[in-house]
Amino acid sequence: MTPRHRRRLMFVALILLGVGVAAALTLNAFRGNMVFFYGPSQLATVEKAHERNLRLGGLVEQGSVKREDDGLTVHFMVTDNVKSVPVIYKGILPDLFREGQGVVAQGRLNNEGVFMADEVLAKHDENYMPPEVAEALKQAGGNTPQFSTTVMEGGLNK
Amino acid sequence: MSGATGVWGALGTLIRRDLLLALRRRAQVLNPLVFFVIVVTLFPLGLGPAPNLLQKLAPGVLWVAALLSAMLSLEAMFHSDFEDGSLEQLLLVPQPVFIIVLAKALTHWLLSGLPLLLLAPILALWLHLPNEAILVLLITLALGTPVLSLIGAIGVALTVGLRRGGVLLSLLVLPLYIPVLIMGAGAVDSAAAGLSVGEHLSILGALLAFAVTLAPWAAGAALRISVE
Amino acid sequence: MSGATGVWGALGTLIRRDLLLALRRRAQVLNPLVFFVIVVTLFPLGLGPAPNLLQKLAPGVLWVAALLSAMLSLEAMFHSDFEDGSLEQLLLVPQPVFIIVLAKALTHWLLSGLPLLLLAPILALWLHLPNEAILVLLITLALGTPVLSLIGAIGVALTVGLRRGGVLLSLLVLPLYIPVLIMGAGAVDSAAAGLSVGEHLSILGALLAFAVTLAPWAAGAALRISVE
Amino acid sequence: MGTSVRQSPREYNPLVAADEDQPALTAENLACERGDRLLFSGLNISLDAGNLMLVEGPNGSGKTSLLRILCGLAQPSAGVVRWRGEEIGKARERYCAELMYLGHNHGVKGDFTPYENLQIARDLAGAQSAVTLDDALYDVGLAGFEDAPARTLSAGQRRRVALARLLVTQARLWVMDEPFTALDTDGVMLVEKMLERHLAQGGMALVSTHHEVRVTEVNIIRLELR
Amino acid sequence: MGTSVRQSPREYNPLVAADEDQPALTAENLACERGDRLLFSGLNISLDAGNLMLVEGPNGSGKTSLLRILCGLAQPSAGVVRWRGEEIGKARERYCAELMYLGHNHGVKGDFTPYENLQIARDLAGAQSAVTLDDALYDVGLAGFEDAPARTLSAGQRRRVALARLLVTQARLWVMDEPFTALDTDGVMLVEKMLERHLAQGGMALVSTHHEVRVTEVNIIRLELR
Amino acid sequence: MWLWIHKFGSPKYFYSVSGKLLPWVAGATVLLIVMGLYLGLVTSPADYQQRETVRIMYIHVPSAWNSMFIYLLMAVAAAIGLIWNIKLADIVAAVSAPIGASFTFITLVTGSLWGKPMWGTWWEWDARLTSELILLFLYLGYIALQSAFEDRRLAARASAVLAIVGAVNVPIIYYSVQWWNTLHQPQSLGVGMSTIHLSMLWPLLIMALGFKLLYVVILLMRTRAEVLERERNNAWVQELAQALAGRDFFRSGNEYR
Ligand code: HEM
Ligand SMILES: Nc1ncnc2c1ncn2[C@@H]1O[C@H](COP(=O)(O)OP(=O)(O)OP(=O)(O)O)[C@@H](O)[C@H]1O
Ligand SMILES: Nc1ncnc2c1ncn2[C@@H]1O[C@H](COP(=O)(O)OP(=O)(O)OP(=O)(O)O)[C@@H](O)[C@H]1O
Ligand SMILES: [Mg+2]
Ligand SMILES: [Mg+2]
């Protein structure tokens, strides 16, 4: 092997090494989960949560939505089926907001452990179907589709 | 076959050359550092000095400042060498072209990234960042700033032949910088919240490994094209 | 005695020249503007986009960005003219030297201050600044950015002969910029809080009057010295 | 050393300015230091209409430094330069109105076309000649390149743009630092022709060069540095 | 036009690289377009040890463009350049190890002293000559200026620093674009001496110039552009 | 393969072949898009959650796919141009950029319009949205770099480097919804899987095909124009021009006589 060949081989080896390391680290990162929002269980681990602006994500607990008389202020619970966090929000809700729906709330935790939201976003799943089909499915399986899916995966698996 | 000094010898000579050159223009050495400090200090001035507001801003402000100061010192990487004909001489050195780029990126990092790393803790304290976040800040800067220099080298190499393509450079380089910014600031933010930062750091590490292996080749190719 | 065109004719020619030059390097025209936008967008990326936090930051971020973008485009004011010998030619024009400086400062403002003024409302909306504050922001920018260009001209004129005196320039110019920043951001802040802004605006006006009358002379003298 | 200077008035006298009998450009007792080296001292110069002064000397002898001092672009360490009897620092604008300087760095903007370069030079100059810009470009051999950005021209072509500047303005005094740089033989002849014509019309020129300047019917003064 | 090229191998053959019988530098059928203008086309070149090729032509005829193509700094629009039989794009490092280029822009760093400029050039070059840096600076007439920043030197002195680079490295092929620019008569003689010595030692040179090059005992090939 | 690249890479050959192809592709495009729009906007059902708003999907998703696809195609073409010095590939890359940027822009706009009613916000800095925005920046950077060089060959080679480097962003956009928990919904369509009901899937796929062909049509048209522009000094273009001029002359002559 001439020195020139040896050098070329060395460069190729170095490149493979670099790309390999990059790939390994990337995969490692995706085994964990980087958060766009915190789930209710995760929220408990956040230090000084009441001093910070946070995003809270999860499902709106069935039967937890209560509207105040002003018609604008809404109380509800966000759950990941392990823990639940009470949320208060005053403002206009997105069309998709309803019980059992995925939401992402932006705001901060107050000292009583209530999440004061400045903004509530709806997160929906990847299922698209006509209403009749959804009804039929519900009838058959008892589950509305969005409960069965990955919609809150990030928030739930921690 | 290739010069008596070999690849590593040439790399060493080039780095020594650029450092010496920077030393001669002392102003230039301090440039990115002073800029970093200026940006960070302007905020308390522009916003009023409420500590809890500052603390909340700190990760973002520090990382935005680091990114801007890296970006602004990029242009000098090849500019003077291009103007006085030295770049042609460098391109005729009997070594692979990526050596030149690697040396330039390294020097850029030594002059813009490293000093930032040393100064960041002080500025972070000043912005009331909690201690554990400061450590993470340093790690993210250590991983992230070399990426800025390496990716930046591609951008400058592409634009060196164009007259002062300042914006063009920003436009090319910035989209590639955004992931570093998001991961860097995100990690510090998570650390300040007491959350795990492993994933952020992994991604920064991956970006670094990727940039180290590929950026010099891309930049070398770009350089040969744009000097023509 | 002095040239056929007279002082105003020469001023017009110089401004036309610099604008045309800027047009030829389209990149450069957009430079300060793009930089301004970039700095402003980096903040939501680095800080996370909580609307109420952004709103609090908006006056500071906008003014700091304006100041930085003015400062960074300063260096180009005489740089290329110095490098290619045109500056010597300009100094040998049979007109008072302050004309040259005035033309340069004006062009700098037209290219860096004015576009900012036009773009600022959009960015301000983006940062959730309330409407009445946006009007005040515009007034402060209209009063403040010419001061930045004029004071900046002195700084560049002093450092033009030095190789890339980037930091030096910042160090010279920045202390003089800080009052503008404080008054500018302060006024917007007060407006956002519903307070009166008259005093802030008066001071900005005074700074402008001062700069217009004195800066061209100082910069002209500096230029003649530093080109030697 | 060149010829020495006759008596010249200490005070500004408006009449003197128009007095064509007296040498137009004079310098007394000039000295220049650069770094720690004394390049020259005690230098006296006087230059009159129709005369060509050649500044000669080896590399580093101070030719460029001298020319810049005589233009007022640099200050001498000692001595004064006068234009029509007035110190050039005091009569700066009047002096500049009659002066054209062509340096090592010729000040041609790469982003402008040759035509635009000339246009601006003419608009800013004190007095403008009757030659049109197109004619001037034709004269220096740039016909066909009027509208290409000067940056895409060859070294010699850029130099020619700078020369064309001399044609579209009407300066009495030309100061040229190595005007033959980068020019081909045609270009050298062009400069020589330009000098001859200029001097014949009562102009004067200060030229530093390493080459022989082949001009006829011109009064040449040689100034040898070191 | 220069001499034309003999048969040259299509494939890379390691033996050819050392084959000193064959012309070292050859170019076949070169063409260059800049902007919309065709500067030259169908140009064949071959240059051998001991030969000096003078590239001549008026301003803008493409001398600089040609030299840059031959160095591999620019790509021709058609044709190939070979060094010892290999395409220079493929054998870049081997070619550069034997090449020195001196352009319009001579690449002397103003912030370094002449000594440092040389040191770096030598350390980066392929092969280094036995001449010490101080000797080289002395030879080009810069004794006493070793430690002044090059930016404070005169135009001619800076050019001499660039010339000294040729002395401290051991390139076989010198490519020089108007090497006489800014030099005084002494300097011109210096370059001519350097060329004579280099060629006598079996080197070769490609020089573009507008001047007569007075070298003796050298085989000169002239290449006239346009 | 190699031969084919070279043959098709010859501008003249491309020009004649693409000229014959163009009307057919254009016809198919119009057909598919009209059909897709009709099915999507009129006959397909509303969604069980999103109601009528879901119809934005028939624009949003095809243009999102195009935005990524065109970038990849552009990077590949640029690489081919860089490595094998094929002019046609350079042209395809250069011409694709503005088209891709337009589709990216449409994706961003339709996404925002959709996001307001569905999510309750025009814009969030989540991974999918941010990476798509970066894609737009990359396109713009490519276009800017391309236009900054005066020499076309240099422009093509320099911007090729950028296009190749920027290609890493495409997988990030695609997988962002899997790698991170984004506000944007996860994948609905993958290889052999779909969570979209057939009644909505068909219009979507038809629109997607229509958009792909739309890209091909614009690409062919712009490439042909660019080929003519760049080859204007070549004999075949001049002949073509003469032929066209002759025809025009003939026609106008007829009208006036
Ligand atoms: C500015 C905001 C948005 C951007 C930048 C964006 C971007 C994208 C991109 C790049 C894709 C293609 C990804 C792929 O092929 O997998 C995509 C697909 C999609 N987007 Fe969006 N989007 C936005 C908003 C929305 C909104 C608000 C909705 C629905 C409420 C939505 C629904 C979808 C659907 C259904 C797909 C197809 C998913 C699939 O391929 O499986 N997008 N979007
Ligand atoms: N970057 C460029 N873009 C377009 N055209 C160019 C560029 N550089 C040079 N040219 C053109 O190429 C031609 C040849 O230029 P070149 O510099 O090779 O000439 P030259 O023979 O070296 O001339 P000189 O004697 O003046 O140095 C010129 O007419 C010039 O207009
Ligand atoms: N900025 C400076 N600082 C210190 N010394 C300088 C500076 N500029 C020039 N010098 C010195 O002054 C001397 C004369 O320089 P000048 O440029 O006047 O020479 P010149 O006669 O024009 O030479 P050339 O023929 O090479 O152009 C040189 O020896 C140089 O070292
Ligand atoms: Mg000189
Ligand atoms: Mg040349």
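Convention: sequence-line order gives letters A, B, ...; per-chain numbering from 1.
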- Task: Give the minimum heavy-atom separation between D/Arg92 and C/Leu91, together with the two atoms involved.
- Result: NH2-O, 2.8 Å

- Do you know the tightest heavy-atom contact between C/Gln89 and D/His106? NE2-O, 4.2 Å

- The reported gap from OG in C/Ser86 to CG in D/Asn105 (rounded to nearest 0.5 angstrom) is 8.5 Å

- Interchain contact, D/Gln75 with chain C, by part (heavy-atom threshold 4.5 Å): both

- Verdict with supporting geometry, C/Asp81 and D/Lys109, salt bridge (charged side-chain N to carboxylate O under 4.0 Å, His left out): CA-CA 8 Å; C/Asp81 284 344; D/Lys109 295 253 47 115; 2.5 Å; yes

- Give the minimum heavy-atom separation between C/Leu92 and D/Tyr101, together with the two atoms involved. CD1-CB, 3.4 Å

- Item | Flag, side chain of C/Arg17 to backbone of D/Asn117, donor-acceptor distance under 3.5 Å | no

- Between C/Val227, C/Leu14, C/Leu20, which has the largest tally of heavy atom pairs under 4.5 Å with chain D? C/Leu20

- Given the rule in the salt bridge (charged side-chain N to carboxylate O under 4.0 Å, His left out) test, do D/Glu116 and C/Arg24 qualify, once you have shown the distances and angles that lead to the verdict? CA-CA 12 Å; D/Glu116 289 163 335; C/Arg24 289 289 148 81; 2.6 Å; yes

- Message: Nearest 0.5 angstrom please: D/Leu73 CG to C/Arg224 CZ, how far?
- Response: 8.0 Å

- Task: Please report the closest heavy-atom contact between C/Pro94 and D/Leu124, naming both atoms and the distance.
- Result: CD-O, 3.5 Å

- Quick one: of D/Glu98, D/Arg165, D/His104, D/Met100, who has the most non-hydrogen atom pairs under 4.5 Å with chain C? D/Arg165

